Amino acid sequence: MLLLLLGTVTFHEISYRQHMIFSSNLFLLIFLPITWLVFIALKHWLRAYRAGAALLLCWLLIASLLFYAQWSTRDLGVLLFVVLVNWVFAYLVSLFGSRFWLPLIVVVNLAVIGFFKYWPLAQGDTSTLIITAGLPLGVSFYIFQAIAYQVDHSRGVIGLDKGLYFPLFLCFFPQLIAGPIVHGRQLIPQLKKITSRPIPFTLGLSMLAIGLAKKVLVADTLAGGVNAIYAGTYGENSIVTLAAGVTYGTQLYFDFSGYADMAVGIGLLFGLKLPQNFNQPYNATSVTLFWRRWHMTLSRFLRDYVYIPLGGNRKSESHRLANLLLTMGLGGIWHGAGLQFLVWGFLHGCILSVEHLGRRHCGVIQQRLPRAVRWFLTFTVVMLLWIPFRANDLHHAAKILSGIQTLPAVVWPSIGSVTDLISRVDSSASSPETVLFCSLVVLALVATRPTSWRWALQASDLKRSFTATLLLLLVLKTLVDRPDAPFLYFQF
Amino acid sequence: MNEKQKARLLVTLSGVFLGGMSWMIVWLVIIALQLEKGHPDNVWVKDAYSLKTRAITSTDASPKILIVGGSASMFGVDSSLLAEQFGTPVINFAVNAGIGTYALPALADPHISKGDVVLMPLEYRLLLWDGIPSYVTLSWVLEHPESLRRWRLKSLFSGLWQLPLKRALASYDSSDLTVDSEFPYGAHRLNSHGDQTFTHASERSEQQLAVVEALEPESYAENLINSKIGLQEWQFWWRQWRERGACLLVVPPPMLAHISYFVGESKLFFDSVPHRVRHRGVAYKGQPQMTFFPASAMFDTSYHLTAEARQQYTQWIIEVLPSTIQECRVPALDESDI
């Protein structure tokens, strides 16, 4: 009956509204509360029964599939296909060994991404960075999870258990659509003890609230101005170029790290700990350190399942650099099928290579550079490299970047009063200077603060519940004024 | 639940309470500190009401016909034609239905005297309002908070929640509080009776016509079929005006027709309007369907008639008004050569 209620409410609501995302009223006020309350009730009533764990997992799986199905039943079909095929292959690996079956399942998994993501490009359609009707939501994330699971399973790091552990590991709704990329060895042991795991309620709620605030109050607010900059509204000059990089970099960070915080928070509400995905990446003093702090689960995946199997740093210098370039190039095209993603990844790979060579041959000189200089160089490079990432194509990126050599007509016009700033910043009519200023202010504020996770861990229950309530009300109020927007990483 | 768990729960709930209260207090302070401050949204409405008030005060003759409503009446009634027909002053006191059911009748109230005929071609959302304030209503009440004392709790809470932060902050900045002469609404577009001018079909742009033709039907049947707050509010004022000796008449406003209004739930809604008004003790003449107009007759919205269609609507009012005047037994008007 509860299942019927959840299903009916979900599909009735979405027939009149947009799709349900974490920052929507539908998710926050209906789907999540119902799913959580039923979970808690089942956990309390069934903890003494042997079948209790199975029922809990069943409930979570159904809720996850309902959550995904409301986006697209076709995408649900793709997800279920991936789950089934991977489960069958894992079983075959268990029976017959991994020599033949592991490469085959990796190829099958990559073929799924390849078909939906890169086939249009092969057909001559070079439009990218647009959510196409064909790309199943989250496919890049759960396919990588499936690959990681197969590799770990073949190495004996994790077994194939009967029951719902594997399907739920792949389909668990907090991380299904935009990560973090979770390993089976991280999540499945937790699922096995789900009935006895504690629920850190205020910790989970505060992470959810902080993530929501990052997304709705910061990222979505900057979106109008960012879109206007990339639409060419303000022409090309050095301020526009800087703004294009910094504002999009800020928007992307708050959007994606906000989602990651939400995913962690929601997981905690169900007693499950998901890995962190960001660790103040814009504080990094080198691009190497940046990649250890940005989308950490993807970086680790690329390191563990691409870079190291290619040979990593175990072979010659040139081999290592080639591995680095290839890994970062693959990381680039994971984000999208366009050439600009490949260039973006490749450029990062080049910089990583330069840094590596610099450490190896000029380490003393590098260390003597003041920290502030190293930070400034890293920040500037990383931000400017977001331009090809966001641009429609390479030509568009080059056009924006070319503006760096043109001084603006007015060096820095008046920003206006604080109330005027707040009134204008989320408008598509907001000037590049306004959005750039706001982005820098926000980045400066978070640079000196601990990460969301560290703050939430150290805070008392009172502080967490106070902050969560305040932020949730601010977010819900903002959603009244402004419709909820999809997460940027949904398109990957 | 053991003692430790109870203590944690209490601490958590305290945090929730404090967080909620903090948000509420800050929000209320932001709103309170900018009450009565001017805002560009309201300038043209205030200017229009000023002109119409001057028109009333400069009219010595009594009784008069006072048209109360929103912009449907401002565009839709030819006050000169009415004045000619009934031989009595006519002031079109209608401006903008958006300011809402709490504010609009209160603005007309000081100008209604014994023997006046109050003609009300009220827009349906104004008449049958469900209590949820629109942005325009909120923007108006922030500058004119005197009507807040009549606000129901439902409207207050809804308004507090829906008021955009931008609007709440906007009044803190000194803004240009003048109306651009090109703006289509305002005192500069009214004649001496308070009727909207420059509304001939030839003065309508292609874009304006395209907008009208693309308008979707209103969802009155969904939202207003069981609403009570609007009628309760009007009833409050109608009682006062009747006690004062005024003659009241509600008529359907001119409105853009849609095929969906003639079938199903929409038809039921429009059919119910006369009965719902009469149930509140006020005369209602005609049926809503009598005052539906095609897109070609609308100027720029689903309620604004062109000057040509205005003649047609006013003629219809001329036909229904005399019987009401007789029912109200208003001798001065009753004796006029109608």
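Quick caveat: nothing in here was measured; it's all calculated off a predicted structure. Letters A, B, ... are given to chains in the order of the sequence lines, protein chains preceding strands, and every chain is numbered from 1.
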task: Classify the side-chain pair B/His188/B/Ser181 by whether it contains a donor and acceptor separated by less than 3.5 Å.
output: no

- prompt: Can a donor-acceptor pair be found between the side chains of B/Asp41 and B/Tyr135 at a distance below 3.5 Å?
  reply: yes

- prompt: Side chains of A/Asp261 and A/Leu208: closer than 4.5 Å at any heavy-atom pair?
  reply: no

query: Between the side chain of A/Thr247 and the main-chain N/O of A/Ala243, is any donor-acceptor distance below 3.5 Å?
result: yes

- prompt: Got a donor-acceptor contact below 3.5 angstrom from the A/Arg464 side chain to the A/Ala456 backbone?
  reply: yes

query: Given that the side chain runs from C-beta out, which part of A/Leu205 has a heavy atom under 4.5 Å from chain B: side chain, backbone, both or neither?
result: neither

- prompt: Based on non-hydrogen pairs under 4.5 Å, which of B/Val16, B/Val11, B/Leu13 is most in contact with chain A?
  reply: B/Val16

message: Can you confirm whether B/Lys46 sits close enough to B/His144 that some side-chain heavy atom of one is under 4.5 Å from a side-chain heavy atom of the other?
response: yes

task: Please state whether the side chain, the backbone, both or neither of A/Leu472 comes within less than 4.5 Å of a heavy atom of chain B.
output: neither

message: What residues of residues 18-28 of chain B make heavy-atom contacts with chain A at a cutoff under 4.5 angstrom?
response: B/Leu18, B/Gly19, B/Gly20, B/Ser22, B/Trp23, B/Trp27

query: What part of B/Leu160 lies closer than 4.5 angstrom to a heavy atom of chain A: side chain, backbone, both or neither?
result: backbone

query: Taking atom types as modelled and ignoring hydrogens, do the side chains of B/Ser155 and B/Ser158 form a donor-acceptor contact shorter than 3.5 angstrom?
result: no

message: According to ring-ring contact (aromatic ring centres under 6.0 Å, His included), who are the partners of B/Tyr220, at least two apart in sequence or on a separate chain?
response: B/Tyr124, B/Phe269

